[in-house]
Amino acid sequence: MPVPCARCQAPLPNYFFVANHPMPCPACGAEMAVRAFPALFAGPRPTAVGEDSSAGEASCFYHPEKRASVTCHLCGRFLCGMCNVEFKARNWCPSCLESSSRKRKGADFENHRVLYDSIALAFATFPFLALFWPCIVGAPVALYISVRHWKSPGSILPRTKIRFLVAILLAVGQLVLMGALIYTIARAPRLA
Amino acid sequence: MRWRTERRYRRLPGRPFTAFRRDSLWLAEDHLLSVQCNRFAEDYRRYYFRDVQALTIHRTAPVSPWVYLTGALAAVLLAPGLFFELQNAFLWSSGGLFLALTLAFIGLGPTCTCYIQTAVSRERLGSLRWMRVAEKVLRILQPRIDEVQGPLNLEMLSLPFEPPLSDPAIPPPLPTHKLPETGWGYEFLFAVLLLDSLHAYLGLSHRGTAMEVATWAILITEIVSIVWLLVRQRRFEVPLSIRVLVIVALVATAGFSYAANIVSAIGRQLRPGNTVYPGYVPLHLIDMAIYAVLGAAGFVLITRHRRTLRRPPPLAAPQ
């Protein structure tokens with residue numbers, strides 16, 4: 001797969017890969033700096049085909065006619081070259097990889113996460129800042145999300161629970177304020 | 001209870017100025033993590049160092065396009081104090097803020113778009129928008145990728161090289177791969193310009209709160225749609241004449257608003273309490289004429305552009 005120009009998509013010539021500064025694309029003139037790596041010039045990886053096993057040799061768990069070459073690092077099953085999946089510098093059998101992905105064991109399988117702490121903080125702040133009375137709904141929702149999802153997996157990036165804490169404090173504060181207001185209004189002397 | 005999540009990733013430089021999207025790049029032991037965050041959820045893409053084929057940095061502009069907007073706002077806000085002796089704390093402070101922003105954008109240097117290529121994908125790295133930052137990230141990434149893949153040697157490049165740039169046999173420029181513009185956004189802008197012309201005509205005989213509100217509503221709509229269309233022009237193919245017309249509309253809008261505000265401020269200083277400042281009628285007449293011409297010309301051009309889009313491609317000549 002050649003490296004295309006970012007503007008005109010024309011394939012860039014090889015001299016771009018050794019230049020240490022931006023150069024104009026010969027087709028459209030857009031200035032481009034390219035860092036190429038050996039993977040660009042490596043051909044497609046050979047498809048692993050398990051070798052046939054002979055008598056007395058360990059065979060693959062999934063293909064008894066194939067010779068086992070590695071073991072799954074999780075379940076220890078013997079695997080042929082066809083069944084072995086290399087991932088994170090380890091050998092996996094397809095079923096372990098699939099079950100780990102389903103059970104979300106480890107962040108390496110995930111490509112999406114919901115930030116419940118940010119949602120709770122938004123419920124605790126925006127209704128209060130926009131208009132005061134919507135926080136009668138926003139504060140309990142923020143409190144519920146904070147408590148319900150305190151232990152839910154958050155971002156896989158470094159992150160503290162400070163948003164949850166602030167959301168809880170704000171929500172409790174708003175509820176207390178709301179209660180005090182309602183109490184004051186209810187206790188106020190009625191006009192005749 | 002774990003207060004902090006496990007620290008597996010190190011943040012790489014690059015933080016674009018966006019209100020709702022927050023893209024970032026993170027470095028792990030064996031891969032690069034690209035995170036797209038919309039404040040409430042994160043999407044991750046992992047690029048393992050052994051799979052990275054190329055990183056492309058495309059220099060897009062000498063300075064960020066925001067420089068023009070913040071610079072124009074700074075000029076508009078500071079000029080009354082500098083040239084017309086209209087001393088106002090709000091004008092000075094807000095003008096100074098925009099001036100500082102302009103200088104900051106200039107200081108950030110040229111802008112770029114950055115792409116990462118693997119054998120199966122080519123993705124844009126949204127967090128890298130300035131050349132300086134992109135080069136810094138590249139300096140961090142290159143040794144790690146080289147460590148996994150080994151350095152690039154000249155044999156891999158299958159030399160001899162392609163002809164140098166000065167060679168006259170360079171192929172002609174290829175057409176850009178922008179999508180054709182359907183034009184409804186432009187129609188909206190030209191309709192607003194015609195409305196502005198009508199508003200200027202009505203402003204000669206009608207004054208009051210309703211007209212003031214209409215003035216501001218039309219002005220804001222014009223500015224928002226012009227800025228949006230200018231941004232959209234980067235992705236969609238539009239004839240040059242329409243692009244020029246949009247820029248003329250921007251200049252006219254900014255110029256008329258500025259002129260009206262300055263003339264009215266001077267008029268108020270000269271004759272306090274008088275709502276009709278000197279030059280009110282000529283300014284409105286010019287305003288009306290220019291917006292009418294711009295709007296009508298825009299509609300003609302966009303209709304012609306639509307016709308060319310609908311026209312089938314010419315048949316190949318018979319052999």
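So that the names make sense, note that chain A is the first sequence line, chain B the second, and so on, each numbered from 1.
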message: Could you go through Leu230(B) and Ile247(B), starting from their C-alpha distance and side-chain angles, then the distance that decides it, and tell me whether this counts as side chain to side chain contact (heavy atoms under 4.5 Å, CB included)?
response: CA-CA 8 Å; Leu230(B) 287 174; Ile247(B) 292 168; 4.0 Å; yes
field: Residue pairs passing the ring-ring contact (aromatic ring centres under 6.0 Å, His included) test where at least one lies in residues 158-187 of chain A, sequence neighbours excluded
entry: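 Sorted result for residues 158-187 of chain A: Trp150(A)-Phe164(A).
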Between [X] and [Y], does any side-chain donor sit less than 3.5 Å from a side-chain acceptor?
X         : Y         : answer
Ser127(B) : Ser24(B)  : no
Ser95(A)  : Arg77(A)  : yes
Gln117(B) : Tyr115(B) : no

At a 4.5 Å cut-off on heavy atoms, which part of [X] comes close to chain A: side chain, backbone, both, or neither?
X         : result
Asp43(B)  : both
Cys37(B)  : side chain
Val148(B) : neither

- request: Among the options Arg35(A), Met32(A), Lys151(A), pick out the one with the most heavy-atom pairs lying under 4.5 Å from chain B.
  value: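 Option with the top pair count is Arg35(A).
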- prompt: Do the ring planes of Phe105(B) and Trp130(B) sit parallel (below 30°), tilted (30 to 60°) or perpendicular (above 60°)?
  reply: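 Ring orientation of Phe105(B) relative to Trp130(B): parallel.
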- request: May I ask you to check whether over 12 heavy atoms, not counting those of Phe40(B), lie within 6.0 Å of atom CZ?
  value: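 Enclosed.
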message: So if I take each residue of residues 114-124 of chain A and look for any heavy atom under 4.5 Å from a heavy atom in chain B, which residues do I end up with?
response: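 Residues in range: Val114(A), Leu115(A), Ser118(A), Ile119(A), Ala122(A).
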Chain A contacts, top residue of Ile145(B), Thr56(B), Leu138(B), Leu55(B) (heavy-atom pairs, under 4.5 Å):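 Winner by heavy-atom pair count: Leu55(B).
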Among the listed options Asp146(B), Leu141(B), Val52(B), the residue most often paired with chain A at heavy-atom distances under 4.5 Å: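 The candidate making the most pairs under 4.5 Å is Val52(B).
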query: Taking the side chain from Arg129(B) and the backbone from Thr111(B), do they hold a donor-acceptor pair closer than 3.5 Å?
result: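 Absent.
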- prompt: Does the pair Asn91(A) and Glu86(A) meet the rule for a side chain to side chain contact (heavy atoms under 4.5 Å, CB included), with working shown?
  reply: CA-CA 5 Å; Asn91(A) 298 311; Glu86(A) 278 184 47; 3.6 Å; yes
